[in-house]
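Report on one structure; see the data block that follows.
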Amino acid sequence: MAPEDHRRQSVRLLVRRTPVLVRVVTRRADDITGFGDARIWSETTRVDLRVAEVPQPRPGDRIEIDGEAFLIQGEPVRDRERLVWTVELRPA
């Protein structure tokens with residue numbers, strides 16, 4: 001499991017306008033993407049959501065973490081065991 005400072009016990013997730021409290025593991029890592037000969041640095045925010053709590057996250061679903069609002073960007077990806085969704089977020 002992630003270090004204690006990366007776990008959030010109660011995060012408000014609006015799934016198709018219905019608020020749900022879920023646990024998330026935040027990953028605020030930097031991402032380096034190659035584009036031709038250039039390398040582009042970008043700040044990313046990814047979170048892990050348990051499938052048991054969020055069976056079908058969708059792009060556009062809203063997540064509030066510590067008072068900051070984010071929207072799910074792109075398609076969520078499940079882990080190999082199909083227990084955790086990893087979603088990329090963008091500011092709302």
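Note that the structure is predicted; figures quoted are calculated from it, not measured. Position 1 is the first residue of the sequence, and the numbers go up from there.
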| field | Pairwise salt bridge (charged side-chain N to carboxylate O under 4.0 Å, His left out) hits with a residue in residues 72-87, at least two apart | value | none
| message | Test your reading of the model: is there a side-chain donor-acceptor pair from W85 to the backbone of P57, 3.5 Å cut-off? | response | no
| said: Show the nearest heavy-atom pair for residues D61 and Q56, with the distance to one decimal. | reply: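 That closest heavy-atom pairing would be OD2-O, 4.3 Å.
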| message | Can you list everything that forms a salt bridge (Lys or Arg N to Asp or Glu O under 4.0 Å) with R90? Sequence neighbours excluded, please. | response |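 For R90 there are no salt bridge (Lys or Arg N to Asp or Glu O under 4.0 Å) partners, ignoring immediate neighbours.
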| Connected hydrophobic set around F35, excluding itself, where side chains approach under 4.5 Å |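 Its cluster partners, ordered by chain and number, are I40.
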| said: Please report the interatomic distance CG(D66) to OG1(T26), rounded to the nearest 0.5 Å. | reply: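 It comes to 8.5 Å.
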| Distance, nearest 0.5 Å, that separates CD of E88 from OG1 of T45 |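 If I round to the nearest 0.5 Å, the distance is 8.0 Å.
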| Partners meeting side-chain contact (heavy atoms from CB on, under 4.5 Å) with V77 (sequence neighbours left out) |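 Counting only residues at least two positions away or on another chain, V77 forms no side-chain contact (heavy atoms from CB on, under 4.5 Å).
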| task | Answer yes or no: is there a side-chain heavy-atom contact under 4.5 Å between L89 and L71? | result |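 Sidechains of L71 and L89: no contact.
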| request: Check whether any side-chain heavy atom of V87 sits under 4.5 Å from a side-chain heavy atom of V54, and report yes or no. | output: no
| Would V22 and I65 show up in the same hydrophobic cluster when neighbours are defined by side-chain heavy atoms closer than 4.5 Å? |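 Yes, one cluster joins them.
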